Participant: 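What follows is a structure written as structure tokens; I'll ask about it next.
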There are 2 protein chains.
Amino acid sequence: MSKIKIIVADDHQLFREGIIALLAKNDSLDIIGEAASANELFELMDKSVPHVVLMDISMPETNGLDAIKVAKDKYPECKFIVLTMHAEGQYVVKAVRNGAFGYLIKNADENELIAAIEAVALGKKYFNSEISQLMIGNMALEGESHKKLSDREMEVLELVSEGRTTKEIADQLFVSARTVDTHRVNMMKKLSVQNTAELIKKAAHLKLI
Amino acid sequence: MSKIKIIVADDHQLFREGIIALLAKNDSLDIIGEAASANELFELMDKSVPHVVLMDISMPETNGLDAIKVAKDKYPECKFIVLTMHAEGQYVVKAVRNGAFGYLIKNADENELIAAIEAVALGKKYFNSEISQLMIGNMALEGESHKKLSDREMEVLELVSEGRTTKEIADQLFVSARTVDTHRVNMMKKLSVQNTAELIKKAAHLKLI
DNA sequence: CTAGCCCTCCGTATTTATACTGACTGAAGA
DNA sequence: TCTTCAGTCAGTATAAATACGGAGGGCTAG
């Protein structure tokens, strides 16, 4: 079998260089490029489509998970492995939904990384049991989870979190205070909380603000 | 000059292995060990004191910055370079205060890493201009920054953020509602915010809750 | 021992938030 | 077309938060 062509996408140069130095020791792997952002990755893929992309989640501009979704549409034959330090169920779930073939935490070891690359290159999925557990845990939560907030609600949420009163927000958004009230109440229902304080806390933890 | 002895402390095995593969190419550097936690680092240092330690901030148990402080006391001649993805002023400031000789973001390149190691091994400090700027920005903030919250205030804050009302909190803490009120108001003053919503937001961002 | 902080508590008045119920429009999608 | 949903608005009533401006006891570090 020919070499597995790989692109490493991560905004941390030292990590990219480290991974490349690590994989360079293996003759069956061929690193054809590296990217510090989703856009750089897209440019590289336009020139030459790799077999496998190692993708970080946290990157400037477009994040890794969204980038997978976009790239999957264009190059369905290319496989993505998420390689991140985020061991959180929500990310795993989103990665799978967006079409990732593998998910590795950065504290995996070299052997596991290579095993994952080889498995994924053959069209198999690679999720070790730790990751699978995270996903299961998160799926269970989803049942009782919140709905998404609308754009307008996010706007109101933002202002509420900045300490504005209902009236101030109403004036600023050119709507009645009742409307702002309704938005706030609807958000509380969606996130299953009792009052504004808890709403802000939950929103902060969900990184909405 | 003899080889510079280095220990890499980072809880992400892949990152450690990557860095080691990268530095192994350089003959003047000698990686004498790797650690996945502060305790592992301490054990290694007890056996053989390196010239330079590359240290991540986020590690299980003791974090990297605290670990530097502890290790500095025991081995004053050993130099620490913080190597992290956190480009935040508060971390830089704390690193400096705890005695770090260098601070690098993980998106530095190989040359900068080696330059930093060599500089630090000679007893020089290595903080590039980007990092220095972060530190300056943070120091400026400190002047106008918040005071710390008392234990009791933290307790109240916790309950407020869980959606409890003043009266509920008062009952739970066996004090009057006025007292709870006062605590809340005092916290708002300390954090310079206008109301509870903003208080919760700020507290969440400061990772108090 | 004094200054400063923490924790506690009080009154009054005003402003806000919350609960409950309900309804209209327009846009997007099944 | 019919449904769904976001966004808008309403009334009434109660609960809660916020703005004022004090005050005393306890503990600690300079």
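Here is how names work: the chains are called A, B, and so on, in the same order as the sequence lines, proteins then strands, and each is numbered from 1. Keep in mind that what you see is a predicted model, and the values were worked out from it rather than measured. Keep in mind that the numbers below use all heavy atoms, side chains included, and drop hydrogens, waters and symmetry copies.
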Participant: In residues 31-46 of chain A, what donor-acceptor pairs under 3.5 Å come from side-chain atoms, sequence neighbours left out?
Facilitator:
{"residue": "A:E34", "atom": "OE1", "partner": "A:R16", "partner atom": "NE", "Å": "2.6"}
{"residue": "A:S37", "atom": "OG", "partner": "A:E40", "partner atom": "N", "Å": "3.2"}
{"residue": "A:N39", "atom": "ND2", "partner": "A:E61", "partner atom": "OE1", "Å": "2.8"}
{"residue": "A:E40", "atom": "OE1", "partner": "A:A36", "partner atom": "N", "Å": "3.0"}
{"residue": "A:D46", "atom": "OD1", "partner": "A:K74", "partner atom": "NZ", "Å": "3.3"}
{"residue": "A:D46", "atom": "OD1", "partner": "A:Y75", "partner atom": "OH", "Å": "2.4"}

Participant: All N/O contacts under 3.5 Å from nucleotides 24-29 of chain D to the protein, with atom names and distances to one decimal?
Facilitator:
none

Participant: Please name all residues satisfying salt bridge (charged side-chain N to carboxylate O under 4.0 Å, His left out) with B:D181, sequence neighbours left out, ordered by chain then number.
Facilitator: B:R184

Participant: Rounded off to whole Å, could you give me the CD1-to-P distance for the B:I200 and D:dA17 pair?
Facilitator: 11 Å

Participant: Using five pairs at each end of the helix from C:dC1-D:dG30 to C:dA30-D:dT1 to define an axis, what is the angle between those two axes, to 10°?
Facilitator: 70°

Participant: Using the side-chain hydrogen bond (donor to acceptor under 3.5 Å, both in side chains) rule, take B:E168 and B:Q172 through it: C-alpha gap first, then chi angles, then the decisive distance, then the call.
Facilitator: CA-CA 6 Å; B:E168 286 172 337; B:Q172 185 165 337; over 6 Å; no

Participant: Once ring pair (Phe, Tyr, Trp, His ring centres under 6.0 Å) is applied, do any residues pair with B:H86, and if so which ones, sequence neighbours excluded?
Facilitator: B:Y91

Participant: Provide, to the nearest angstrom, the distance between the CG atom belonging to B:L173 and the C1' atom belonging to C:dT8.
Facilitator: 12 Å

Participant: Taking only residues two or more places apart in sequence or in another chain, which ones pass salt bridge (charged side-chain N to carboxylate O under 4.0 Å, His left out) with B:E153?
Facilitator: B:K190

Participant: Kindly give the atom pairs (protein nitrogen or oxygen, nucleotide nitrogen or oxygen) under 3.5 Å for nucleotides 17-22 of chain C.
Facilitator:
{"residue": "C:dA17", "atom": "OP2", "partner": "A:T166", "partner atom": "N", "Å": "3.3"}
{"residue": "C:dA17", "atom": "OP2", "partner": "A:T166", "partner atom": "OG1", "Å": "2.3"}
{"residue": "C:dT18", "atom": "OP1", "partner": "A:T196", "partner atom": "N", "Å": "3.0"}
{"residue": "C:dT18", "atom": "OP1", "partner": "A:T196", "partner atom": "OG1", "Å": "3.1"}
{"residue": "C:dT18", "atom": "OP2", "partner": "A:R184", "partner atom": "NH1", "Å": "2.3"}
{"residue": "C:dT18", "atom": "OP2", "partner": "A:T196", "partner atom": "OG1", "Å": "2.7"}

Participant: Can you tell me the distance, in whole Å, between the CE atom of A:M187 and the C1' atom of D:dT8?
Facilitator: 15 Å

Participant: Which residues pass the side chain to side chain contact (heavy atoms under 4.5 Å, CB included) test with B:E198, sequence neighbours left out?
Facilitator: B:V193, B:Q194, B:N195

Participant: In chain order, what residues pass the side chain to side chain contact (heavy atoms under 4.5 Å, CB included) check against A:A115, with sequence neighbours excluded?
Facilitator: A:Y126

Participant: Just to verify, what does A:E112 make a salt bridge (charged side-chain N to carboxylate O under 4.0 Å, His left out) with, not counting sequence neighbours?
Facilitator: none

Participant: D:dG7 C1' sits how many Å from A:I169 CD1, rounded?
Facilitator: 16 Å

Participant: Specify the separation, in whole Å, of atom CG of B:L199 and atom C1' of D:dA19.
Facilitator: 17 Å

Participant: Nearest whole Å is fine: how far is D:dA17 C1' from B:H183 NE2?
Facilitator: 16 Å

Participant: If you look at every heavy atom in A:A108 and B:Q13, which pair is closest and at what distance?
Facilitator: O-CB, 3.2 Å

Participant: Could you tell me whether the phosphate oxygens of C:dC7, OP1 or OP2, come under 4.0 Å of any side-chain nitrogen or oxygen in B:T179?
Facilitator: no

Participant: List in chain and number order the residues that pass salt bridge (charged side-chain N to carboxylate O under 4.0 Å, His left out) with B:D66, two or more places apart in sequence or in another chain; answer none if no residue qualifies.
Facilitator: B:K94

Participant: To the nearest Å, give me how far apart CG (B:D151) and C1' (C:dT8) are.
Facilitator: 16 Å

Participant: Please name all residues satisfying side chain to side chain contact (heavy atoms under 4.5 Å, CB included) with A:A100, sequence neighbours left out, ordered by chain then number.
Facilitator: A:I68, A:V82, A:A95

